[in-house]
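Fair warning: this is a prediction, and the values are worked out from it, not measured in the lab. Along the sequence shown, the residues carry numbers beginning at 1.
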Amino acid sequence: MKYNQYGYIKTDFDKQVKELEEINFLPTDWQEVTFSELLATLVENSLAEAKNYEAKKAKLAEFAVSDKQTLASFIAQNPEKIRRDAFYNVALQLLGYHVGYDYDLKAPTDRMNRNGLPYADHDIVDKSDLITAFYRLLNTRAKNGQTLIDNLAGRGYFTQFYGNNKHMFFNGKSLPVFDMSKVIREVVYVESDLDTDEDGQADLLQVTVFRPYQSNNFPIPALYTADPYFGGIIDNAQRNHNVDVNLEDATNSTYPKYEAMPKVKAAKPSSEDIAASEEAVHKAAYSLNEYLLARGFANVYAGAIGTRGSDGLRITGAPEETESAKEIIEWLHGDRIAYTDRTRQHETKASWCNGNIGMTGRSYLGTLQIAIATTGVAGLKTVVSEAAISSWYDYYREHGLVIAPEACQGEDLDMLAETCQSNLWDAGDYVKVKAKFDAMQKRLLKKSDRETGQYSDFWEARNYRHHTNGIKCSWISVHGLNDWNVKPKNVYKLWQKVAKLPIAHKLFLHQGPHYNMNNLLSIDFSDLMNLWFCHELLNVDNNAYKQWDDVMIQDNLYPDTWHQEPTWNNSLGQEVTYYPDKEGSLLKSGGADNSKVSFIDQGGKVFKEAKISESSWQYQFISGEEKWLNQQLRFETDEFIHPITIVGRPKVKLRVSTSLPKGQISVALVEVGKRKRLTPIPKSFNDQIQELGYRFGTEVMKEFVNDIETNAKLITKGHMNVQNYADMKHAKEIKPGEFYNLEFELQPTFYRVPASSHLTLIVYSTDQGMTKRPLEDETYTIDLSQSEIKYSQM
């Protein structure tokens with residue numbers, strides 16, 4: 001596997017020397033020592049686990065420069081240079097590779113080529129060459145996926161700097177010079193301008209802080225994760241809404257309005273600054289944060305209103321959630337009051353914070369980053385928003401239909417609010433808010449309108465994309481191209497707006513589902529984020545904005561390949577149109593077929609009889625297993641002679657009639673062909689462990705691999721209410737037997753179709769994992785003369 005490395009900064013020789021001397025790796029008298037003495041010293045300094053000169057010297061005998069000679073005997077000859085292969089034999093051993101198992105001593109560069117590791121193109125002929133080679137080696141990804149310098153950190157190299165009161169940098173990135181055995185763990189209470197529990201007092205919001213003890217001596221930046229799950233979750237999956245129900249007439253929607261909750265005015269901060277009186281009992285919840293904690297970035301977690309330790313109610317996606325989460329940043333920046341405990345007697349300040357705040361987190365945690373960033377709050381310098389919702393309508397609804405997130409059939413705004421209302425775990429809060437919480441649940445259920453699925457002012461208030469002009473901070477979005485929980489439209493539509501703003505902006509698209517990517521082997525994501533946060537929060541001049549392209553997309557054929565693109569939308573390719581015909585073909589030319597073809601949807605009847613999971617149903621369905629064929633129409637292209645890439649959002653036009661005065665249409669675009677494809681989730685490499693800090697924490701590295709043979713792969717899909725044929729925001733009556741033109745876009749993608757595969761367009765109705773599953777049969781007829789699919793092809 002290729003270990004792509006985008007975070008390495010090309011560095012001139014003088015700066016290499018300066019940085020190596022600053023970390024005590026290169027002796028300051030290096031110009032006076034011999035080549036062999038310098039070689040021995042640099043190797044010995046790479047053996048952080050050996051704590052004295054004798055131990056380091058003895059370990060030189062454990063290394064080999066060739067299949068005939070050890071490093072110790074080679075150095076004993078006082079060489080004045082070292083052959084390239086001899087040097088990289090030692091380098092690979094330092095990087096954790098094993099002779100005879102991982103590589104051959106006669107051909108070390110073969111291994112380096114296979115893993116994409118950098119190496120010199122010539123022998124190491126003098127001390128300058130040697131210093132440059134070692135500088136690059138320290139910045140090279142080892143077998144476990146981390147750079148060698150991070151591996152040395154995990155073995156205790158940087159404990160020598162624990163007493164320092166400053167950040168230290170190497171190749172533009174912060175080093176783990178902060179003692180994680182002395183982390184300050186404290187809890188404070190920020191006063192909100194909200195009164196969501198309507199008790200006449202401003203809601204208090206519990207905030208948990210993890211920071212190095214050195215932050216008492218000099219200010220450091222904060223990484224804030226707005227985490228509604230941090231205080232625990234209430235598992236309510238058994239109470240999700242029933243989806244085995246008939247479709248409703250969507251013209252009956254009342255288009256509910258958003259209603260704001262009461263506001264109060266929090267007290268103004270005074271000069272008082274008392275140390276926090278409560279110690280944190282929760283653990284950090286995100287390994288990327290912990291990785292950066294050891295490198296001098298405080299970790300801050302807050303669930304905000306309704307979560308354990310805080311006042312108030314959860315109101316999923318509402319502006320009140322945005323407000324309460326934003327108020328934590330205002331405290332970090334010095335603009336809002338916080339107390340040492342819930343008695344509100346003594347104020348405490350984030351005097352340890354330098355005023356620069358970044359945000360991290362996945363899913364709901366990433367969603368709140370988008371919400372907060374649109375407010376333009378002072379102090380927020382950057383966000384790294386992963387798998388985030390940009391419109392709650394696009395999470396729970398689609399084109400006039402109730403659409404579940406993957407593996408969450410029957411969930412909705414009210415159920416998610418209950419999941420996160422963790423202050424109910426504390427009896428005192430339970431007594432105080434339970435009745436008000438129950439009333440809020442009823443309001444959320446009514447206004448979310450599960451009956452019709454129509455867009456409304458209630459959903460408009462939960463669409464952050466309409467406020468992107470307020471974004472002032474730099475931007476990174478991360479999303480899985482196979483994420484059917486937070487579907488890719490959320491990041492795609494947001495990206496189209498963010499990319500036009502006068503801010504630095506980056507996008508990562510990996511091949512995973514609802515997953516974060518900081519531990520993927522194929523890319524140095526943690527290093528890149530270290531580089532990014534150093535630039536944004538510590539003002540380090542490290543070329544972060546130009547170090548990699550704006551859009552990084554992981555390939556779906558080869559897991560170690562990443563595409564660098566200027567953007568992500570249909571403009572990257574050329575438009576291609578396919579037309580379905582009555583024979584089940586999908587044709588590029590020849591004119592539209594005037595035939596009409598039908599299928600009968602049976603809702604969830606056959607699915608329930610099959611007694612299989614929703615994911616098993618989808619695989620069988622897209623693969624064309626016989627039991628599902630009468631509930632779909634399939635149209636297939638010829639075999640592709642050359643590989644193609646589908647990019648952006650395919651658009652479907654269908655002319656449809658229904659047998660009932662209501663209906664739902666689903667469309668899937670599938671690649672069909674028996675071959676080995678990437679695993680749906682990354683495989684764990686348990687022998688490749690990422691060290692977050694010295695004796696601190698670890699992360700198992702993972703990667704998608706080609707080891708499962710499958711018959712088909714879903715590329716993208718979409719759903720639409722037939723009653724929204726004229727207006728996506730308002731339903732109209734339809735008459736059975738009459739034809740209506742539907743036009744809608746599928747979820748966005750970037751998908752490489754290999755030669756010898758086919759594309760299959762599947763038209764159906766009930767999506768067992770996402771739509772309602774009606775109890776009544778319905779016949780759908782497609783007029784092929786006015787039906788087509790268009791997509792952009794590279």
Side-chain angles (χ1 to χ4, degrees), residues 190-206 226 228 253-268 302-307 310-331 335-337 364 367-378 380 389-397 412-421 423-424 429 432-450 454-471 729:
V190 169
E191 190 168 69
S192 174
D193 285 339
L194 299 167
D195 179 19
T196 57
D197 55 19
E198 300 180 270
D199 66 352
Q201 276 195 307
D203 291 340
L204 283 184
L205 311 173
Q206 187 185 81
S253 176
T254 59
Y255 300 98
K257 299 290 185 181
Y258 157 70
E259 295 177 1
M261 294 293 291
K263 283 200 170 189
V264 294
K265 194 64 180 173
K268 292 286 187 183
I305 48 172
T307 59
S310 297
D311 297 327
L313 305 176
R314 294 308 294 176
I315 319 170
T316 310
E320 287 82 1
E321 282 195 345
T322 303
E323 175 67 22
S324 68
K326 171 183 73 80
E327 289 168 339
I328 312 304
I329 293 178
E330 291 174 343
W331 171 68
D335 306 322
R336 179 167 290 275
I337 196 170
Y364 207 160
T367 301
L368 287 167
Q369 293 182 56
I370 299 173
I372 294 167
T374 62
T375 70
V377 60
L380 181 59
I389 299 163
S390 61
S391 164
W392 284 91
Y393 187 86
D394 289 342
Y395 186 63
Y396 285 123
R397 306 287 186 269
D412 216 318
L413 287 168
D414 59 328
M415 293 291 94
L416 185 56
E418 183 175 353
T419 297
C420 298
Q421 187 76 35
N423 64 10
L424 293 177
D429 285 329
K432 177 183 176 182
V433 304
K434 183 62 166 64
K436 294 169 184 174
F437 165 74
D438 289 343
M440 176 59 71
Q441 287 292 88
K442 290 178 182 178
R443 291 208 297 273
L444 281 175
L445 177 58
K446 180 180 179 180
K447 289 180 173 292
S448 61
D449 186 12
R450 281 191 66 82
Q454 296 298 295
Y455 196 79
S456 65
D457 181 65
F458 175 84
W459 291 106
E460 174 68 16
R462 289 161 168 81
N463 188 339
Y464 310 126
R465 296 194 296 260
H466 293 170
H467 308 288
T468 52
N469 285 341
I471 296 173
K729 292 185 178 180

Looking only at non-hydrogen atoms, find the nearest pair between [X] and [Y] and report the distance.
| X | Y | value |
| --- | --- | --- |
| C420 | T307 | O-CG2, 3.5 Å |
| K257 | K447 | O-NZ, 3.0 Å |
| A302 | I328 | CB-CG1, 3.9 Å |
| Y455 | E460 | OH-OE1, 2.6 Å |
| A226 | I372 | CB-CD1, 4.5 Å |
| S448 | F458 | CA-CE2, 3.7 Å |

What's the separation between atom [atom1] in [X] and atom [atom2] in [Y], rounded to the nearest 0.5 Å?
| X | Y | atom1 | atom2 | answer |
| --- | --- | --- | --- | --- |
| M415 | T316 | CE | OG1 | 9.5 Å |
| T196 | R314 | OG1 | CZ | 9.0 Å |
| E330 | T375 | CD | OG1 | 7.5 Å |
| R462 | T367 | CZ | OG1 | 13.0 Å |
| T374 | N463 | OG1 | CG | 10.5 Å |
| L313 | N423 | CG | CG | 7.5 Å |

Name the orientation class of the two ring planes belonging to W392 and Y396 (parallel below 30°, tilted from 30 to 60°, perpendicular beyond 60°).
parallel

Derivation and outcome, salt bridge (charged side-chain N to carboxylate O under 4.0 Å, His left out), residues R465 and D394:
CA-CA 11 Å; R465 296 194 296 260; D394 289 342; 2.7 Å; yes

Does the side chain of [Y] come within less than 4.5 Å of [X]'s, by heavy atoms?
| X | Y | value |
| --- | --- | --- |
| K263 | E320 | no |
| E323 | M261 | no |
| E321 | I305 | yes |

For [X] and [Y], indicate whether the former's side chain and the latter's backbone hold a donor-acceptor pair under 3.5 Å.
| X | Y | value |
| --- | --- | --- |
| D195 | D199 | yes |
| E191 | A267 | yes |
| Q441 | F437 | no |
| S390 | Y464 | no |

Report the C-alpha distance between L416 and Y364 in whole Å, list the side-chain angles of each, state the deciding distance to 0.1 Å, and finish with yes or no for side-chain contact (heavy atoms from CB on, under 4.5 Å).
CA-CA 10 Å; L416 185 56; Y364 207 160; 3.7 Å; yes

Result of checking V264, D197, D193 against D203 for side chain to side chain contact (heavy atoms under 4.5 Å, CB included):
D197

Under 4.0 Å between a side-chain nitrogen and a carboxylate oxygen: does that hold for D412 and R397?
yes

Applying salt bridge (charged side-chain N to carboxylate O under 4.0 Å, His left out) to D438 and K434, what does each step give before you reach the verdict?
CA-CA 6 Å; D438 289 343; K434 183 62 166 64; 2.8 Å; yes

